[in-house]
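Right, one structure below, let's go through it.
Remember, it's 1-based here, ligands and their atoms both numbered in the order they're listed.
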Amino acid sequence: MITLDEFTIQQLRNYPQATGELSGLLRGIGLAAKMVSKQVNMAAIADIIGEQGETNVQGEAVQKLDALANQTFIKVLRNSIYCAGVVSEENDDIIVFDDAKNNHSKYVVLMDPLDGSGNIDASMPIGTIFSVYRRVSPLGSPCTMEDFLQKGDNQFAAGYVLYGSSTIFVYGTKRHSVNGFTLDNSLGEFYLSHPKMTIPAAGKTFSFDYKYYHCVDEPVRKFLDACNYSDNGKDGRFSCRNAGCMVADMHRIFLHGGIFLYPARKDKPYGKLRLMYECNPMAFLTELCGGNATDGMQRIMDIAPDHIHERSPVFIGSKKIMEELTLQHLI
Ligand code: P6P
């Protein structure tokens with residue numbers, strides 16, 4: 001039984017030149033995740049269900065828990081000495097931790113503090129997604145927009161937290177495997193529960209919201225029909241599973257295989273999901289686990305971002321299913 005803190009410290013032994021700042025940053029994100037998990041579990045009785053009465057940069061109604069989770073992650077990251085600034089789905093502009101301590105921090109974080117918040121009032125799974133980059137601006141000065149507008153391939157670490165039937169913290173770094181940790185609420189400790197995660201090459205589920213079936217391109221509809229195809233009038237090939245929360249759907253795919261699709265559609269030519277703090281971190285983890293992630297034309301992590309809140313179509317999951325989709329249906 002190894003804790004998240006112990007694991008991140010032991011990882012340092014593999015990299016003697018490491019300063020320990022990335023490990024410290026990941027522990028800080030783990031602390032914020034424990035705080036948010038407590039808020040999520042108490043939401044219905046702590047009167048933090050429902051809307052905040054504001055609209056975010058995405059044009060979405062902000063849930064009370066969205067705001068609380070956002071404030072929690074920003075406060076913990078600002079108080080650490082490992083993060084120079086943050087981009088959040090909930091904030092229009094970059095958040096610069098402009099003080100003598102944080103201007104010397106090597107990393108910046110982009111995050112969706114509470115993904116799938118439409119699930120909150122029904123106690124369905126929700127999550128946090130984060131992405132970590134090394135700064136490109138000089139240490140000692142405040143971080144800048146360029147520190148955040150980097151290709152997904154430059155990510156140094158990425159991960160997610162699933163607030164579901166248990167709270168699970170999953171992260172991977174550029175040079176080593178993806179590992180999952182389950183929260184023991186009685187002790188407030190994350191314990192290693194999913195070592196060296198890999199995505200099965202195939203799978204039996206696909207995640208798509210059929211509300212948009214007639215709005216997506218013909219090749220995508222043909223793929224979806226192939227997912228449902230049955231040559232004997234019996235069961236189709238795949239089961240459709242859509243949790244309404246990318247973190248929940250992707251966690252299932254990391255464990256059991258499958259594919260998640262959020263394509264472009266007539267009313268959303270760039271799709272709905274955000275490149276920098278949903279698609280890129282999930283693509284980083286997916287490729288580390290042996291899967292693939294594209295926007296239908298190119299690798300997600302090859303996309304050069306123009307804006308911190310830009311959206312991207314995303315097809316992501318098991319290698320064999322992604323190859324079938326790409327070779328037979330997309331470019
Ligand atoms: P729709 C949640 O809002 C989210 O960003 C993802 O987590 C989820 O997969 C998707 O949007 C759901 O979108 O249009 O199906 O409700």
Requested in this report: Check whether any side-chain N or O of Ser105 sits under 3.5 Å from a backbone N or O of Asn102 as a donor-acceptor pair, and report yes or no.
Outcome: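 At least one qualifying donor-acceptor pair exists.
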Query raised in the report: How far apart are the C-alpha atoms of Thr8 and Arg27, what are their side-chain angles, what is the distance that settles it, and do they pass the side-chain hydrogen bond (donor to acceptor under 3.5 Å, both in side chains) test?
Result: CA-CA 8 Å; Thr8 55; Arg27 288 196 297 276; 3.1 Å; yes
Query - Distance under 6.0 Å and angle within 45° of ring axis: Arg265 vs Tyr212 - result: yes
Query raised in the report: Do we get Arg237 above Tyr229's six-membered ring, with its NZ or CZ under 6.0 Å from the centre and within 45° of the axis?
Result: no
Query raised in the report: Should the pair Glu323-Lys319 be classified as a salt bridge under the 4.0 Å nitrogen-to-oxygen rule?
Result: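 Judged by the 4.0 Å cut-off on N to carboxylate O distance, Glu323 and Lys319 do form a salt bridge.
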Query raised in the report: Ring centroid separation for Phe7 and Phe181, is it under 6.0 angstrom?
Result: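 Yes - the distance between ring centres of Phe7 and Phe181 falls below the 6.0 Å cut-off.
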What are the distances between nitrogen or oxygen atoms of ligand 1 and protein nitrogen or oxygen atoms, counting only those under 3.5 Å?
{"residue": "ligand 1", "atom": "3 (O)", "partner": "Lys272", "partner atom": "NZ", "Å": "3.3"}
{"residue": "ligand 1", "atom": "5 (O)", "partner": "Glu278", "partner atom": "OE2", "Å": "3.0"}
{"residue": "ligand 1", "atom": "7 (O)", "partner": "Asp115", "partner atom": "OD1", "Å": "2.7"}
{"residue": "ligand 1", "atom": "7 (O)", "partner": "Asp115", "partner atom": "OD2", "Å": "3.0"}
{"residue": "ligand 1", "atom": "7 (O)", "partner": "Met246", "partner atom": "N", "Å": "2.6"}
{"residue": "ligand 1", "atom": "9 (O)", "partner": "Met246", "partner atom": "N", "Å": "3.4"}
{"residue": "ligand 1", "atom": "11 (O)", "partner": "Lys272", "partner atom": "NZ", "Å": "2.9"}
{"residue": "ligand 1", "atom": "13 (O)", "partner": "Lys272", "partner atom": "NZ", "Å": "3.0"}
{"residue": "ligand 1", "atom": "14 (O)", "partner": "Tyr212", "partner atom": "OH", "Å": "2.7"}
{"residue": "ligand 1", "atom": "14 (O)", "partner": "Tyr262", "partner atom": "OH", "Å": "2.6"}
{"residue": "ligand 1", "atom": "15 (O)", "partner": "Asp209", "partner atom": "OD2", "Å": "2.8"}

